[in-house]
J.: 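Pasting a structure here, questions to come.
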Protein chains: 2
Amino acid sequence: MVLDLMHDHDNLTENDCKMTVGIKDVARAAGVSVATVSRALGGGPVSDELRKKVEAAVAATGYLPNLSARRLRSQHSHTIGLIVSDIRNPFFTAVSRAVEDAAYAVGMRVILCNTDENPQKEAMYLRLMQEERVTGVIFAPTRATAQKLDPHQLGFPVVLIDRAAPPGQTDAVVLDNAEAASLLVEHLLAQGYRRIGGLFGNTSTTGAERHAGVVAAMQQHGLQAEARFIAPTPEAAEQAVRDWLHEPVQPEALIASNGLVLLGMLRGARAAGVSIPAQLALAGFDNDNWTELAGPGLTVIEQPVYDIGRTAMKMLLERLEDPARSARKVVLSGKLIARGSTAQHMAAPAGQDAAQH
Amino acid sequence: MVLDLMHDHDNLTENDCKMTVGIKDVARAAGVSVATVSRALGGGPVSDELRKKVEAAVAATGYLPNLSARRLRSQHSHTIGLIVSDIRNPFFTAVSRAVEDAAYAVGMRVILCNTDENPQKEAMYLRLMQEERVTGVIFAPTRATAQKLDPHQLGFPVVLIDRAAPPGQTDAVVLDNAEAASLLVEHLLAQGYRRIGGLFGNTSTTGAERHAGVVAAMQQHGLQAEARFIAPTPEAAEQAVRDWLHEPVQPEALIASNGLVLLGMLRGARAAGVSIPAQLALAGFDNDNWTELAGPGLTVIEQPVYDIGRTAMKMLLERLEDPARSARKVVLSGKLIARGSTAQHMAAPAGQDAAQH
DNA sequence: GATGGCATTGAAAACGATTACATAATTGCT
DNA sequence: AGCAATTATGTAATCGTTTTCAATGCCATC
């Protein structure tokens with residue numbers, strides 16, 4: 001078969017002139033039809049003899065498949081979209097890594113899009129995904145977009161992450177926000193804090209759900225939480241905390257609705273010169289690297305970030321197998337990691353729960 | 001022209017059956033040829049009259065371009081590859097965001113690949129990039145791959161980031177590592193530290209260059225630095241520090257060759273119970289969010305991360321315009337941010353530079 | 001009033017693969 | 001032995017665009 005490759009060396013010289021070597025050139029070099037080459041490459045029914053010839057020809061010609069052509073003809077893009085607000089948010093960074101690992105493992109490409117919580121950008125990227133004829137999309141939408149999202153309209157399945165849509169509409173994998181918020185509140189109460197406030201992102205359902213969870217948990221104890229809604233950025237959070245700390249009545253503890261807000265909170269508290277947790281306790285979501293090391297260590301809810309990404313990808317694949325099955329929502333539990341930022345409240349009135357200690 | 005769209009409503013009903021609406025359907029709806037539609041969409045020479053008709057037909061049919069077909073025919077993928085070791089490294093996270101912003105701004109897609117510093121994965125992804133017929137690639141290679149990298153062989157231009165290749169071969173945008181290392185060393189010396197050690201990543205040229213920079217700067221003062229090379233991960237760094245601190249002779253200050261190593265260092269130091277900076281000063285690279293907030297604040301070299309990504313993309317575009325121009329290397333300066341982790345060395349022998357204070 | 005140039009349009013080829021269909025060869029079964 | 005079923009292979013159509021090429025019409029110029 002080596003002879004086969006050599007006898008038509010005119011072909012090889014011809015290759016030097018051609019821009020790229022295609023399946024046609026391989027076929028000629030192997031002395032078979034293009035269909036056979038395609039089948040040999042794609043795992044179709046081909047005799048061992050010809051398959052060997054084709055493989056040799058591929059190696060000899062340096063053939064590289066053209067994925068665009070393959071996608072066009074086969075109508076399979078083997079591509080998924082991952083649309084998040086900002087990859088620099090460590091939560092999304094970790095999720096994206098999991099999604100990409102899972103995607104590449106099944107031979108799929110990932111297109112990453114940053115929307116900056118901007119519904120216009122979201123719409124633009126969704127449209128791009130349609131033009132790419134993506135196999136599916138994993139999406140963390142703003143509240144605005146989540147409401148008017150119709151997967152059947154889009155032409156590809158969607159799995160929501162971190163943020164849920166109206167129930168029953170779309171597959172989603174989210175944190176149990178009510179449970180997690182409750183964990184935080186119970187912990188703070190047990191540590192002796194009573195005047196508990198919170199800063200919540202105002203663009204996502206997640207911020208709203210965590211807020212609702214905090215309110216509910218507080219009410220169970222006959223307490224009220226003071227909540228403020230802000231853009232989910234460190235900058236907005238820092239400013240909000242600085243403002244808050246200049247007001248006459250101040251909280252004993254603050255809860256942040258995600259890692260970026262928590263970061264801003266800590267900066268704001270430091271800038272205002274309050275000591276943590278003596279003057280202000282801090283707690284929040286997302287066990288980012290730095291939370292362990294900052295100040296006295298920050299108490300957080302750890303999300304199973306890698307698991308969320310992997311699960312989202314798994315759900316997408318399942319949905320592709322069975323497009324008809326009913327939408328399901330996977331709810332994962334967060335884990336409370338208590339650290340110094342919520343140490344026992346010293347100034348707590350000795351009367352109440354503090355006695356239990 | 002509305003009439004034109006209505007009179008052939010048989011066409012519209014036909015659309016309901018077809019899977020997707022293509023340029024052909026738009027042409028029929030608009031009463032023009034496919035070539036005209038293509039030109040109208042692509043900004044070719046088309047009369048205003050027909051262009052209006054086409055636009056109306058596009059809206060009426062809900063046409064969406066098929067990017068795979070477009071790529072195949074036009075031979076322009078409008079796609080670039082971004083190959084890094086791990087997107088979860090905050091340095092690469094930030095760079096990737098900049099690259100994507102710049103790419104989408106000029107109508108390009110980005111394919112992100114994580115290699116985990118594994119040359120095999122690097123080879124695999126480079127091959128994938130060839131199959132995708134990418135326009136170009138932005139790449140942070142391991143030392144092993146950087147050496148045997150031949151851009152002419154690959155078929156697309158490459159811009160290296162963070163890590164350089166043999167000079168004159170490839171475009172690159174890197175930090176001035178020698179200068180940055182010198183800034184750190186001079187700072188530590190000025191603060192009274194003498195026994196300075198370092199932990200450097202062993203997979204990239206960057207680790208080697210920063211090591212060389214530290215050694216050179218120390219030599220200028222007649223001092224020696226003790227360096228150790230490790231896998232550039234927090235885990236490896238933490239272990240290395242713990243080991244180091246159990247040895248008889250210990251450093252007064254440690255330098256980390258990147259953000260992940262610095263993170264591990266701090267963890268190791270905490271685990272060993274040494275206080276910072278009293279017993280051990282810490283400094284490193286990458287001004288990640290947490291470095292300001294951890295312990296006494298960590299002294300670091302801040303890299304212009306967003307700038308690096310943007311510049312890399314710009315260089316790639318320039319290279320595409322002029323494939324013949326000679327390779328250039330853009331060297332950016334880092335900025336020293338001094339924080340508590342390298343406060344004045346108390347136990348410094350009063351004799352030397354400490355007197356200057 | 002023919003002629004050349006320019007701008008606009010359409011018909012058809014091409015991009016590089018997959019796949020439907022036809023064909024030939026082999027096998028298994030009655 | 002004969003016929004159906006199966007397997008391996010080749011030919012040609014196809015995916016949805018862009019682009020080449022030829023044709024048309026119009027204007028200005030000689």
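As the structure is a computational prediction, the values presented were derived from the model and not from experiment. Only this structure's heavy atoms are used, side chains among them; waters, hydrogens and symmetry mates stay out. The chains referred to below are lettered A, B, ... by the order of the sequence lines, with proteins before strands, and numbering in each begins at 1.
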J.: Heavy atoms from C-beta onward define the side chain here; which of C:dT9, C:dG16, D:dT9 lies closest to that of A:Asn66?
T.: C:dG16
J.: Using atom types as modelled and distance alone, determine if a side-chain donor or acceptor of B:Asp86 lies under 3.5 Å from a backbone N or O of B:Asp116.
T.: no
J.: Sequence neighbours left out, cut at 3.5 Å: what donor-acceptor pairs do the side chains of residues 35-45 of chain A make with other protein atoms?
T.:
residue : atom : partner : partner atom : Å
A:Thr36 : OG1  : A:Ser33 : OG           : 3.2

J.: Please report the distance, rounded to the nearest Å, between CZ in A:Arg133 and P in D:dC15.
T.: 13 Å
J.: Return the minimal non-hydrogen interatomic distance between B:Ser96 and B:Ile87, and the atom names on each side.
T.: OG-CD1, 3.5 Å
J.: Can you see whether B:Tyr306 engages B:Asp101 through a side-chain donor-acceptor pair at a distance of less than 3.5 angstrom?
T.: yes
J.: Figure out the CG/C1' separation between A:Leu72 and D:dT14, and round it to whole Å.
T.: 9 Å
J.: Can you tell me which residue pairs pass the salt bridge (charged side-chain N to carboxylate O under 4.0 Å, His left out) test with a partner in residues 123-144 of chain B, sequence neighbours excluded?
T.: A:Arg71-B:Glu132, A:Arg109-B:Glu132, B:Arg127-B:Glu131
J.: Rounded to the Å, how far apart are A:Lys53 NZ and D:dA8 P?
T.: 16 Å
J.: Please give, in whole Å, the distance from D:dT7 P to A:Asp48 CG?
T.: 15 Å
J.: Pick one: which of A:Arg319, A:Arg328, A:Lys314 meets salt bridge (charged side-chain N to carboxylate O under 4.0 Å, His left out) with A:Asp171?
T.: A:Arg319
J.: Compare side-chain N and O positions of B:Gln75 against OP1 and OP2 of C:dA14 and report whether any pair is under 4.0 Å apart.
T.: no
J.: Could you tell me the separation between the CD atom of B:Glu132 and the P atom of C:dC15, rounded to a whole number of Å?
T.: 20 Å
J.: Mind listing the N/O atom pairs, protein and nucleotides 18-20 of chain C, below 3.5 Å?
T.:
residue : atom : partner : partner atom : Å
C:dT18  : OP1  : A:Arg70 : NE           : 3.1
C:dT18  : OP2  : A:Ser38 : OG           : 2.4
C:dT18  : O2   : A:Arg73 : NE           : 3.4
C:dT18  : O2   : A:Arg73 : NH1          : 2.8
C:dT19  : O4'  : A:Arg73 : NH2          : 3.4

J.: Strictly distance-based, threshold 3.5 Å: is any side-chain N or O of A:Thr79 a donor or acceptor partner for the main-chain N or O of A:Ser77?
T.: yes
J.: Is there a donor-acceptor contact under 3.5 Å from the side chain of B:Glu122 to the main chain of B:Thr142?
T.: yes
J.: Can you pull out how bent the helix from C:dG1-D:dC30 to C:dT30-D:dA1 is, comparing the axes over its first five and last five pairs, to 10°?
T.: 40°
J.: What pairs with B:Arg51 under side-chain hydrogen bond (donor to acceptor under 3.5 Å, both in side chains), at least two apart in sequence or on another chain?
T.: none
J.: Would you mind classifying the nucleic acid contact of A:Leu50 as base, sugar-phosphate or nothing, using non-hydrogen atoms under 4.0 angstrom?
T.: sugar-phosphate
J.: Which residues in residues 123-131 of chain B have at least one heavy atom lying under 4.0 Å from any atom of DNA chain D?
T.: none
J.: Return yes if a side-chain donor-acceptor contact under 3.5 Å exists between B:Thr93 and A:Thr93, otherwise no.
T.: no
J.: Round to a whole Å and report the spacing from CG of A:Leu64 to C1' of C:dA17.
T.: 14 Å
J.: List the atom of A:Arg163, the atom of A:Ser85, and the distance in Å for their closest heavy-atom pair.
T.: NH2-OG, 4.2 Å
